Amino acid sequence: MTVHNADIAAQFNRMADLLEIEGANPFRVRAYRRAAATIEDLPTSVAAMVEAGADLDELPGIGPDLAGKIREICATGHSAALEQVETRTPASLAGLMAMPGLGPKRVQVLHERLGIETIEDLAKAARAGKLRELPRFGTALEAKLLAEIEKGGPVAQRFKISTAEDFAAGLTEYLKSHPGTGQVVVAGSFRRRKETVGDLDILVTARSGKATIDHFVAYDEVEQIVAQGTTRATVILKAGLQVDLRVVPARSYGAALHYFTGSKAHNIAVRKIAQAKGLKLNEYGIFRGSAYVGGRTEEEVFAVADLPYIEPEIREDRGEIEAAAAGKLPQLVTLADIKGDLHVHTKDSDGKSTLKEMAEAATVLGYSYLAITDHSQYATIAHGLDAERLAAQLDQIDRLNEQLEGIVLLKSCEVDILPDGTLDLPDSILKRLDLTVCAVHSRFELDIETQTGRIVRAMDNRHCNIIAHPTGRLIGEREAYAVDLERVMLAAKERGCFIEVNGHPSRLDLDDVHCRAAKQMGLKLAISTDAHSTIGLSAMRFGVDQARRGWIEPGDVLNARPWSELKRLLAR
DNA sequence: GCCGTTTTCGGCCCGACTGTTTTCAGTCG
């Protein structure tokens with residue numbers, strides 16, 4: 001039995017939900033949620049830690065009690081304490097809390113007074129007009145819940161960062177067009193550049209909140225106005241994306257930007273520091289008593305806590321505050337550091353653009369090299385290259401390089417890792433390449449041992465340089481295949497191989513947590529786009545964002561180096 | 001349930017909006 005970190009986190013989150021419904025000590029509830037978040041963010045397997053006899057108390061928010069529950073879940077798959085709670089409070093009630101308008105108190109009332117346990121029970125009671133009779137329920141809430149259920153219930157839809165960018169751009173422009181509007185900035189997880197966002201949090205400075213909000217809710221993409229006051233409003237766009245707007249005065253801009261950028265855990269940690277210094281920090285500024293003492297810029301907010309500016313991408317309370325206090329913040333990699341792209345396709349396999357077009361587009365981006373990595377023969381559907389066609393392409397690249405100025409095309413290939421872990425092309429052709437990118441595109445269903453062994457075996461081939469999109473996941477479409485990434489990364493480090501951060505917004509593979517793990521083990525990464533056209537080259541920014549979330553610095557990145565230096569690193 | 005420059009007990013972040021209330025609880029972020 002494999003117990004995943006997500007399984008443990010799910011049990012702790014359910015425990016928190018059910019205890020909250022029971023009216024337990026809110027700080028106890030918070031302790032379960034905090035522990036769940038800690039475990040979810042952990043790049044190593046908690047089950048493996050338990051097996052190795054590691055001290056779980058070392059993890060933040062995990063004390064003796066929760067450490068015991070973790071060990072129990074790892075050993076048995078479940079927690080007796082949770083089962084105990086579920087005998088009193090059905091687990092399905094946790095699902096009811098996902099309904100907008102229902103929190104722990106109302107769910108408790110529904111359960112106690114009407115015996116409601118499921119969404120179906122809730123629908124029945126709402127249709128019978130029974131909800132309106134309950135304390136602190138009314139006809140408005142009853143109708144709202146029923147409408148939500150008939151719409152298909154709560155779907156915690158998340159949007160890819162690239163999709164969110166589309167909506168954010170249009171909205172930002174629209175808001176800026178309103179007279180009297182000052183700054184307009186999208187905060188929240190969007191600003192922290194998470195791979196997906198659940199909603200957009202937009203912050204605006206303006207003289208009149210009401211005028212700004214009236215303008216906001218009149219946006220032609222608005223489907224529904226969820227809430228509308230004088231300083232904030234919430235709407236749902238026709239595409240289903242929720243957008244929250246907050247209006248603050250200019251002197252609160254920095255404090256509000258910090259507050260609404262989050263993450264929540266980061267904010268709490270900073271606020272605690274301010275509080276310890278006798279100051280109050282909220283979205284309106286920094287206050288001593290009731291006197292405003294700052295908050296116009298984010299720098300002022302951090303200064304209150306004696307901290308330097310912390311980049312939004314790492315504000316997750318994963319050690320950034322301690323690093324800032326110690327003057328050890330990473331100098332995060334930026335798009336400007338990137339010297340070339342190491343994973344792109346052309347018309348020769350399944351791309352849309354020619355070699356020359358790709359080279360020219362890369363030149364425009366200021367790159368000094370571009371690795372051409374068309375698919376190998378196994379990928380028949382992608383018109384993959386066999387040794388003969390690849391040889392012809394290599395000759396063509398040689399000829400093209402003689403004409404090109406300011407950029408060099410690197411001879412490469414995205415070679416399939418076959419089910420047995422061998423590579424899809426013979427060494428006789430691979431040895432002609434400047435570098436070889438290897439990837440899994442088949443047999444995703446293999447068990448974790450076999451899949452991991454397959455990838456490690458591929459790296460045993462001395463021509464293998466970079467493992468592309470190491471988990472194969474497609475965000476919102478396909479789960480990662482079962483693979484022990486830690487073992488893959490360690491094997492890569494031992495063999496002088498590297499791992500890719502695929503910048504395609506549907507992949508972003510490695511994820512942020514494993515980028516950080518790679519850095520900690522001294523494994524360098526390639527940030528690549530997997531572009532299938534000249535337009536695809538622009539996805540580099542998403543890869544860089546993901547790497548930044550993983551604390552990656554230019555020195556950790558293969559393609560932040562000039563080709564002469566990169567070439568030496570690739571020799572194995 | 002965790003945690004400690006307030007250290008083994010007593011705290012634990014804070015404000016806006018809604019609906020239902022007639023001064024505020026519940027929810028949300």
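Just so it is clear, the values below take in all heavy atoms, side chains as well, and ignore hydrogens, waters and symmetry mates. The chains referred to below are lettered A, B, ... by the order of the sequence lines, with proteins before strands, and numbering in each begins at 1. As the structure is a computational prediction, the values presented were derived from the model and not from experiment.
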Considering every strand and a 4.0 Å limit on heavy-atom distances, what is the contact class for [X]: base, sugar-phosphate, or nothing?
{"X": "A:Asp199", "answer": "nothing"}
{"X": "A:Thr230", "answer": "sugar-phosphate"}
{"X": "A:Ser263", "answer": "nothing"}
{"X": "A:Glu20", "answer": "nothing"}

Going by distance alone, is a donor N or O of one side chain under 3.5 Å from an acceptor N or O of the other, for A:Thr261 and A:Arg191?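 Short answer, yes.
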Do A:Gln11 and A:His78 have side-chain N/O donor and acceptor atoms under 3.5 Å apart?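 Side-chain D/A pair, A:Gln11 to A:His78: absent.
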Could you measure between the two [atom1] atoms, the one in [N] and the one in [M], and give it in whole Å?
{"N": "B:dT7", "M": "B:dC12", "atom1": "P", "answer": "14 Å"}
{"N": "B:dT23", "M": "B:dG29", "atom1": "P", "answer": "29 Å"}
{"N": "B:dT27", "M": "B:dT20", "atom1": "C1'", "answer": "14 Å"}
{"N": "B:dT5", "M": "B:dG1", "atom1": "C1'", "answer": "23 Å"}
{"N": "B:dC17", "M": "B:dG11", "atom1": "C1'", "answer": "29 Å"}
{"N": "B:dT21", "M": "B:dG26", "atom1": "C1'", "answer": "12 Å"}
{"N": "B:dC13", "M": "B:dC28", "atom1": "C1'", "answer": "14 Å"}

Ignoring backbone atoms, establish whether [X] has a side-chain N or O less than 4.0 Å from OP1 or OP2 of [N].
{"X": "A:Asn282", "N": "B:dG15", "answer": "yes"}
{"X": "A:Arg28", "N": "B:dG1", "answer": "yes"}
{"X": "A:Gln228", "N": "B:dA16", "answer": "no"}
{"X": "A:Tyr32", "N": "B:dC2", "answer": "no"}
{"X": "A:Arg30", "N": "B:dC13", "answer": "yes"}
{"X": "A:Lys69", "N": "B:dG1", "answer": "yes"}

Taking atom [atom2] of [N] as reference, at what distance in whole Å does atom [atom1] of [X] sit?
{"X": "A:His258", "N": "B:dC14", "atom1": "NE2", "atom2": "P", "answer": "14 Å"}
{"X": "A:Arg132", "N": "B:dT18", "atom1": "CZ", "atom2": "P", "answer": "22 Å"}
{"X": "A:Glu283", "N": "B:dC28", "atom1": "CD", "atom2": "C1'", "answer": "13 Å"}
{"X": "A:Leu141", "N": "B:dT27", "atom1": "CG", "atom2": "P", "answer": "9 Å"}
{"X": "A:Leu203", "N": "B:dA16", "atom1": "CG", "atom2": "P", "answer": "14 Å"}
{"X": "A:Asp317", "N": "B:dC2", "atom1": "CG", "atom2": "P", "answer": "17 Å"}
{"X": "A:Leu281", "N": "B:dC14", "atom1": "CG", "atom2": "C1'", "answer": "10 Å"}
{"X": "A:Leu145", "N": "B:dT18", "atom1": "CG", "atom2": "P", "answer": "16 Å"}

Would a line drawn from the ring center of A:His469 to the ring center of A:His504 be shorter than 6.0 Å?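 No, the ring centres sit 6.0 Å or more apart.
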Among the nucleotides [options], which one has an atom lying closest to any side-chain atom of [X]?
{"X": "A:Thr231", "options": "B:dG1, B:dG29, B:dC17", "answer": "B:dC17"}
{"X": "A:Arg136", "options": "B:dG19, B:dT18, B:dG15", "answer": "B:dG19"}
{"X": "A:Leu66", "options": "B:dC2, B:dG29, B:dG15", "answer": "B:dC2"}
{"X": "A:Arg232", "options": "B:dA16, B:dC14, B:dG19", "answer": "B:dA16"}

Does NZ or CZ of A:Arg193 lie under 6.0 Å from the centre of the six-membered ring of A:Phe190, at an angle within 45° of the ring axis?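 Positive - A:Arg193 is close enough to the ring of A:Phe190 and near enough to its axis.
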Axial cation check for A:Phe260 ring with A:Arg315, 6.0 Å and 45° limits: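 Not flagged: A:Arg315 not positioned over aromatic ring of A:Phe260.
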Over 12 non-hydrogen atoms of neighbours within 6.0 angstrom of [atom1] in [X]:
{"X": "A:Lys105", "atom1": "NZ", "value": "no"}
{"X": "A:Glu299", "atom1": "CD", "value": "yes"}
{"X": "A:Glu83", "atom1": "CD", "value": "yes"}

Nearest-nucleotide comparison on DNA chain B, the residue closer to the 5′ end among A:Phe27 and A:Ala31: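 Between the two, 5'-proximity favours A:Ala31.
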Nearest nucleotide by nearest heavy atom, which residue falls closer to the 5' end of DNA chain B, A:Lys272 or A:Phe260?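 The residue mapped nearer the 5' terminus is A:Lys272.
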Below 3.5 Å between N/O atoms, which protein atoms pair up with nucleotides 3-10 of chain B? Just atom names and distances, please.
{"from": "B:dC3", "atom 1": "OP1", "to": "A:Gly61", "atom 2": "N", "distance (Å)": "2.8"}

Could you tell me whether A:Arg192 and A:Asp512 have a side-chain N and a carboxylate O separated by less than 4.0 Å?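 No, no charged N to carboxylate O under 4.0 Å.
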Do the charged groups of A:Arg473 and A:Glu195 touch, with an N to O distance under 4.0 Å?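 Judged by the 4.0 Å cut-off on N to carboxylate O distance, A:Arg473 and A:Glu195 do form a salt bridge.
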Which residues share a side chain to side chain donor-acceptor pair (under 3.5 Å) with A:Lys210, sequence neighbours left out: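 Side chain to side chain donor-acceptor pair (under 3.5 Å) check on A:Lys210 returns A:Asp214.
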Give, ordered by number, those residues of residues 101-108 of chain A having at least one heavy-atom distance below 4.0 Å to an atom of DNA chain B; if nothing qualifies, reply none.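 The answer is A:Gly101, A:Leu102, A:Gly103, A:Pro104, A:Lys105, A:Arg106.
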Watson-Crick or G-U counterpart of B:dC28, or none if no pair lies under 3.5 Å: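 Its partner is B:dG15.
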Between the side-chain atoms of A:Asp201 and the base atoms of B:dG29, is any donor-acceptor pair under 3.5 Å?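 No.
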With hydrogens left out and only the distance checked, is there a donor-acceptor pair under 3.5 Å joining A:Tyr259's side chain and the base of B:dG15?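 Counting by modelled atom types and ignoring angles, no donor-acceptor contact under 3.5 Å is found here.
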Do the ring planes of A:Tyr174 and A:Tyr219 sit parallel (below 30°), tilted (30 to 60°) or perpendicular (above 60°)?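 Rings of A:Tyr174 and A:Tyr219: tilted, 30 to 60°.
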